[in-house]
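Scroll down for the structure; my scribbles are underneath it.
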Amino acid sequence: MTQPTDIRRALAGLEPFRVLDAFSCIGGATNGYRRAFGANCHITGVDIQAQPDYCGDAFHQGDAIEYIRAHGHEFDFIHASPPCQGEGAPTKGTNAARNAAIGRTYPRLIVPTRAALEATGRPYVIENVAGSAVRKDIRLCGEQFGLAVLMHRYFELGGWTIAQPAHPRHRGYVRGYRHGIWRDGPYVAAYGKGGGKATVEEIREAKEIDWSTHHLRLREALPPAYTEWLGAAYLTTLAPRLGAAA
């Protein structure tokens with residue numbers, strides 16, 4: 001089997017491999033793709049909010065879907081992480097009545113994001129949570145990478161495919177209170193505040209993100225290990241095109 005390192009060597013002799021990280025936040029996904037694709041890649045982040053801690057090569061503040069429509073064809077690979085607040089089970093279930101009562105709504109951006117990505121003709125990944133409209137091609141979890149955070153996420157692969165990796169059994173509980181009961185465990189809760197939730201330093205360590213101290217952004221960011229795995233998996237699909245030795 002061709003190894004990602006072999007393909008990175010082949011990429012080194014080509015033009016920079018251009019990656020777009022849409023809805024980038026601080027660049028958890030960006031950092032992982034950097035690890036996977038190596039030094040000869042150029043990664044642009046785009047987000048509706050300013051992201052002073054973004055870790056890629058270039059950043060554009062603006063609407064991510066509009067940016068994909070206008071510029072997506074200029075990239076070799078696109079990752080998109082549309083906001084998940086309107087996609088998860090709590091919003092659709094336990095919190096639905098309360099949100100309706102106070103008029104709280106969340107954008108549902110997966111379908112228009114997919115349409116914009118498909119129009120580019122470029123290979124892509126869309127990431128989101130379990131209850132979302134993302135096609136569940138791949139599921140990743142922190143335990144697969146030895147992280148101290150679980151954070152199950154699902155990934156739709158556009159224009160390429162790879163087999164689902166094994167999902168090892170969890171080693172215990174997520175630390176904190178749940179339904180008034182305290183449990184200790186090997187994982188931290190990298191969301192919310194109080195009740196034993198992870199501190200900024202604990203999130204940084206658990207997700208292996210060392211370039212930001214912004215609590216909310218750290219909570220939202222993907223662990224780079226996830227996209228490092230995805231990027232390395234994608235590289236194996238490039239072997240025929242690059243003529244890498246199998």
Side-chain angles (χ1 to χ4, degrees), residues 1 3-5 7-8 11 17 19-39 41 43 45 51 53-57 77-82 84 123-130 132 134 136-157 160-172 174-175 185-191 198-238:
M1 177 180 177
Q3 298 299 313
T5 50
I7 303 167
R8 278 197 292 269
L11 284 175
F17 189 76
V19 179
L20 176 62
D21 183 358
F23 310 94
S24 65
C25 190
I26 59 175
T30 289
N31 185 267
Y33 287 122
R34 172 78 69 203
R35 296 181 193 175
F37 295 145
C41 72
I43 308 181
Q51 300 290 344
D53 291 344
Y54 178 67
C55 63
D57 299 296
F77 186 91
I78 306 174
H79 176 98
S81 292
C84 64
Y124 68 79
V125 171
I126 309 177
E127 172 268 326
N128 223 271
V129 296
S132 74
V134 158
K136 311 303 189 293
D137 295 330
I138 295 291
R139 178 177 72 163
L140 297 180
C141 161
E143 180 60 26
Q144 291 165 298
F145 307 103
L147 302 181
V149 63
L150 291 179
M151 197 173 179
H152 294 94
R153 290 294 182 269
Y154 291 81
F155 300 84
E156 175 177 327
L157 311 182
W160 66 290
T161 188
I162 202 75
Q164 168 67 40
H167 186 175
R169 184 174 181 176
H170 298 166
R171 291 171 287 126
V174 176
R175 186 200 71 196
Y187 313 106
V188 297
Y191 55 87
T199 65
V200 164
E201 285 306 315
E202 286 174 329
I203 299 174
R204 281 164 54 93
E205 182 175 355
K207 291 189 175 184
E208 298 181 345
I209 293 176
D210 61 5
W211 63 90
S212 178
T213 57
H214 192 293
H215 188 249
L216 177 59
R217 301 291 185 251
L218 284 167
R219 284 157 42 189
E220 293 177 337
L222 271 180
Y226 290 21
T227 49
E228 181 178 14
W229 185 90
L230 287 163
Y234 176 69
L235 284 181
T236 66
T237 73
L238 294 183

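Given the structure is predicted, the values throughout are model-derived calculations rather than measurements. Counting from 1, the numbers follow the sequence of the chain as shown.
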Residues 138-150 vs side chain to side chain donor-acceptor pair (under 3.5 Å), sequence neighbours excluded, gives R139-H167, E143-R171, E143-Y187
Nearest 0.5 Å, please: how far is CG in L157 from OH in Y234?
11.0 Å
Taking K207 for its side chain and R219 for its backbone only, find out whether a donor-acceptor pair lies under 3.5 Å.
yes
Just by distance, with hydrogens left out, do Y54 and T30 show a side-chain donor and acceptor under 3.5 Å apart?
yes
Say you draw a straight line from SG of C25 to CG of L218; how long is it, rounded to the nearest 0.5 Å?
8.0 Å
Measure the shortest side-chain to side-chain distance between Y226 and M151 over non-hydrogen atoms and say whether it is less than 4.5 angstrom.
yes
Atom NZ of K136 and atom CD of E156: how far apart are they, to the nearest 0.5 Å?
9.0 Å
Do V125 and F77 have side-chain heavy atoms sitting under 4.5 Å apart?
yes
Between R217 and D53, does a side chain to side chain contact (heavy atoms under 4.5 Å, CB included) hold up when you go through it step by step?
CA-CA 9 Å; R217 301 291 185 251; D53 291 344; over 6 Å; no
Quick one, T227 and H79 - any side-chain contact, counting heavy atoms below 4.5 Å?
yes
Here the gap from L147 atom CG to L140 atom CG, rounded to the nearest 0.5 Å, amounts to 10.5 Å
Once you round to the nearest 0.5 Å, how far does OG of S81 lie from CD of E220?
10.5 Å
Going by heavy atoms in the side chains, are I43 and C55 under 4.5 Å from each other?
no
Report yes if the side chains of D21 and V19 come closer than 4.5 Å at any heavy-atom pair, otherwise no.
no
Closest approach of L235 and A36, non-hydrogen atoms and distance?
CD1-O, 3.3 Å
State, with a plain yes or no, whether a side-chain heavy atom of V129 is found less than 4.5 Å away from one of R153.
yes
Do R175 side-chain atoms and A189 backbone N/O form a donor-acceptor pair below 3.5 Å?
no
Do any N or O atoms from the side chain of W160 and from the backbone of A233 form a donor-acceptor pair under 3.5 angstrom?
no
Return the minimal non-hydrogen interatomic distance between N128 and P82, and the atom names on each side.
ND2-O, 2.9 Å
State, yes or no, whether a side-chain contact exists between I26 and H214 at a heavy-atom distance under 4.5 Å.
no
Could you check whether any side-chain heavy atom of T161 comes within less than 4.5 Å of a side-chain heavy atom of D137, counting everything from C-beta outward?
no
Pairwise distance CD1(I162) to CG(L230) - rounded to 0.5 angstrom
9.5 Å
Shortest non-hydrogen pair, V149 vs A206, comes out as CG1-O, 3.8 Å
Salt bridge between D57 and R34, side-chain N to carboxylate O under 4.0 Å?
yes
Salt bridge (Lys or Arg N to Asp or Glu O under 4.0 Å) involving E208 - partner list, sequence neighbours excluded
R35
